[in-house]
Structures are given as C-alpha cells and as structure tokens.
Amino acid sequence: MKNIMTAPFMVEMIRTATNMYAHGWDERNGGNISMLLDEAELKEYLAIPAIVRTIPTGFTAPELDGKYFLVTGTGKYFKNVQYDPAKNLGIVRLAENGTEAEVLWGFSDGGKFTSEFPAHMKSHIARMKTDPENRVVMHCHPSNLLAMTYVHELDEKAFTRTLWQMCTECIIVFPDGVNVLPWMLCGTNEIGEATAEKMKTARLVVWAQHGIYGAGRDLDETFGLIETAEKAAEIYMKIAHLPRVNTITDEQMHLLEERFGVKAREGYLD
Ligand code: 13P
Ligand code: ZN
C-alpha cells in the first residue's frame, strides 16, 4: 500500500486549499471542496472497504452510490489543511442511495464533511450529466464577486455580460456564463438543489451576498474558472463608479468566439 500523503489527488487538494486561502477566498472556515476519486487509484493507497464510521448525509442521491469523494471538513480552516490533512479532510464513499457517507480516511478528530455537502453532491450529479469527466466542485468567498452582488443587478445575463466585458479572456474561459442565486440560507438541501439546478447550464454559480461555486474536470481548471471570474469582478469594482468610456463590444466577443473556438451562451450576445 502506498502512502496516501503522496497520492496526486491528495497533494493537489492540499496545494489547492492552501492557494485558495492565500488568495483570500477562504477566511476562517469559509469555502469547501469536493473531488470525485477513482476507485482503482484509491485502492493503491487505502484498503477498501475499511469503513471507519458512517455519517448520515440528510439527503438521497442514488446516482452517487459507491462513489468516492475527497472532501473538506465542516468548520475546518483552509489555512490549516496543509498542516493536518487527516483532520481537515476526509475520504467518503456514498452508500444506501446516497443517504449515508462511509468515512474511509480522515476527519480524524471525529469531524464530518462540509455543511455544504448537499450542494456539492447534488452539483456533482448535475455536472456529471453534462460532462461525464467532471470531478471537482469548489465553493469559496472571493471578495470582489461578493462585493459585486451588492451593487450589480442579479439577472444572470446582465451579470455574465458585465463579467465578459471586464477582461478579454472571460468569454473564452467561461462561455457558458455565470448563473446566480439570490440570497438563500446556506448549508441546506434547498440551496443544494437550487445550486445543482443552476449547474445544469453553467459551471459557475454565484450565491448572492455569500460567494461562488465552480465545477470542473480537475482542481486546476475549477480554480482557474473562479480565478478568472473573480479577476473580472475586481475590474468591475474598480470601474463601476467611474464613467465608462470604452468596453469590449459584442462584435469583438464574436471575434473571440471564432478565434478560440468557443460558443457563447445562447442569446447572451447580440
Ligand atoms: P463549512 O465549514 O461547513 O465547509 O462551511 C463553510 C462555508 O463556506 C459555508 O457556506
Ligand atoms: Zn460559504
């Protein structure tokens, strides 16, 4: 059995959580990450099935039965993931129609998965249907995206178009745009279901006055999505109160579509 601390998925998870904290996206215990693991790869590092304990999930998700996830713990600080991964992270396998999470590794102080587990698991289900290679769901609290939800209308088309206009690369990185949820109580099945519904049509979902969700094939891609949207929001917050003299026009966006082989969300460009 290989040392699980050397597993690429573990190394990348620790690096990503550390980097997210360094970006100021995850104050205190803010934010959470879940990553779908490959059983064959996991077996190189863990005796399966060796169930340490079982935790009820509080929801039903038959699609996820037998699936393994590396996930951040609730109340745990991203700042500390690198110093004690086994306490701040856990590996679970979903069972019994997704109503139970079998802990196979981690959560060593008796902790459990993030309070946003419903949003993560339901988003995985939604994204897998659109892209079978989707493995990562990431949530965090980037300052500029959050700030933007206080001063910009929350209409998804308007919000997306504003972000696209802030940096040339935006439409290339997230041509599917950004979906937006109004303020809702976090940590509930309801916000989980609403997030998953929004994940059907975009890989980025803003939670107004709270943060953002991203989904992607790996940690780098998902981090990069949020990083790009947050950069655009930063530009917006720098210029929103100033007279706008120039912008990226829809005509120019069409040039970007052609040059980079992407297709903007239907109906979002003139
Ligand atoms: P957890 O500590 O339960 O992951 O919650 C953090 C958070 O960002 C809630 O939205
Ligand atoms: Zn949050």
Side-chain angles (χ1 to χ4, degrees), residues 13-14 16-36 53 55-59 61 69-92 94 101 103 105-124 126 136-150 154 178-199 202-216 219 222-223 225-227 229-230 233:
M13 185 72 148
I14 294 166
T16 303
T18 304
N19 195 19
M20 290 170 74
Y21 176 71
H23 275 68
W25 299 351
D26 299 278
E27 74 292 341
R28 201 177 183 275
N29 64 308
N32 20 78
I33 314 171
S34 61
M35 178 161 62
L36 179 67
R53 59 197 161 99
I55 309 172
T57 61
F59 56 80
F69 292 92
L70 175 59
V71 58
T72 53
T74 184
K76 298 295 189 266
Y77 295 20
F78 273 32
K79 172 176 81 69
N80 295 336
V81 168
Q82 61 179 322
Y83 305 117
D84 196 344
K87 187 165 104 180
N88 296 292
L89 305 173
I91 294 176
V92 296
L94 284 249
V103 179
W105 175 90
F107 302 142
S108 62
D109 63 348
K112 62 184 270 191
F113 43 75
T114 171
S115 60
E116 304 296 1
F117 206 51
H120 279 256
M121 293 302 109
K122 290 167 194 285
S123 293
H124 275 287
V136 175
V137 173
M138 185 182 282
H139 165 63
C140 55
H141 306 158
S143 304
N144 294 289
L145 278 163
L146 232 153
M148 194 170 156
T149 67
Y150 286 87
L154 297 179
V178 171
N179 285 341
V180 184
L181 280 182
W183 189 93
M184 289 177 75
L185 189 60
C186 55
T188 61
N189 283 337
E190 288 69 30
I191 200 168
E193 269 150 33
T195 306
E197 189 58 35
K198 294 290 184 190
M199 281 280 179
R203 293 166 299 152
L204 286 168
V205 179
V206 167
W207 281 8
Q209 294 86 50
H210 183 136
I212 190 162
Y213 270 75
L219 288 162
T222 316
F223 182 97
L225 263 178
I226 294 177
E227 186 180 29
E230 169 62 3

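Quick caveat: nothing in here was measured; it's all calculated off a predicted structure. Atoms within each ligand, like the ligands themselves, are counted from 1 in listed order.
Remark: ligand 1 and His141 share an N or O pair separated by less than 3.5 Å (distance only, no angle test).
With respect to Ser34, the side chain to side chain donor-acceptor pair (under 3.5 Å) criterion is satisfied by exactly one of His139, Glu116, His124: His124. Here the rule is side-chain contact (heavy atoms from CB on, under 4.5 Å) with Val205, and of Leu181, Val180, Val137 only Leu181 fits it. Among Asn19, Ile33, Thr18, Asn29, the one residue that satisfies the side-chain contact (heavy atoms from CB on, under 4.5 Å) test with Phe78 is Ile33. Exactly one residue among Tyr213, Phe113, Phe69 makes a ring-ring contact (aromatic ring centres under 6.0 Å, His included) with His120. That residue is Tyr213.
The two residues Thr195 and Ser123 come nearest to each other via the heavy atoms CG2-OG, 3.6 Å. Considering all non-hydrogen atoms of both residues, Ala215 and Thr222 come closest at N-CG2, 3.7 Å.
Ring pair His23/Phe223 is perpendicular by interplanar angle, where above 60° counts as perpendicular and below 30° as parallel.
Every atom of ligand 1 with a heavy atom of Thr74 under 4.0 Å away is listed here by number and element: 1 (P), 2 (O), 3 (O). Close approach of ligand 1 to Asn29 is summarised as follows: ligand atoms under 4.0 Å from at least one heavy atom of the residue are 1 (P), 2 (O), 5 (O), 6 (C). The ligand atoms of ligand 1 that sit less than 4.0 angstrom from a heavy atom of Glu116 are 9 (C), 10 (O). Against a heavy-atom cut-off of under 4.0 Å, His210 is close to the following atoms of ligand 1: 10 (O). For ligand 1, the atoms sitting less than 4.0 Å from at least one non-hydrogen atom of His139 are 8 (O), 10 (O), numbered in the order shown with element in parentheses.
Restricting His210 to its N/O/S atoms, the shortest distance to the Zn ion (ligand 2) is reached by NE2.
Here the NZ atom belonging to Lys79 is positioned 11.0 Å from the CZ atom belonging to Arg28, to the nearest 0.5 angstrom.
Cys140 lies apart from the Zn ion (ligand 2) in this respect, since none of its N, O or S atoms is found at a distance under 2.8 Å. Within the 2.8 Å limit, Cys186 places no N, O or S atom next to the Zn ion (ligand 2).
When only non-hydrogen protein atoms are considered, atom 7 (C) of ligand 1 lies nearest to Asn32 ND2, 3.5 Å. Scanning the protein heavy atoms around atom 4 (O) of ligand 1, the nearest turns out to be Thr114 OG1, 2.6 Å.
The Zn ion (ligand 2) forms the vertex of an angle spanning NE2 of His139 and NE2 of His141; to the nearest 10 degrees it equals 100°.
Nearest residue to atom 8 (O) of ligand 1 from Ser115, Gly75, Gly73, Gly31 is Gly31 (criterion: closest heavy atom).
Under a 3.5 Å cut-off, the side chain of Asn88 and the backbone N or O of Asn80 do form a donor-acceptor pair.
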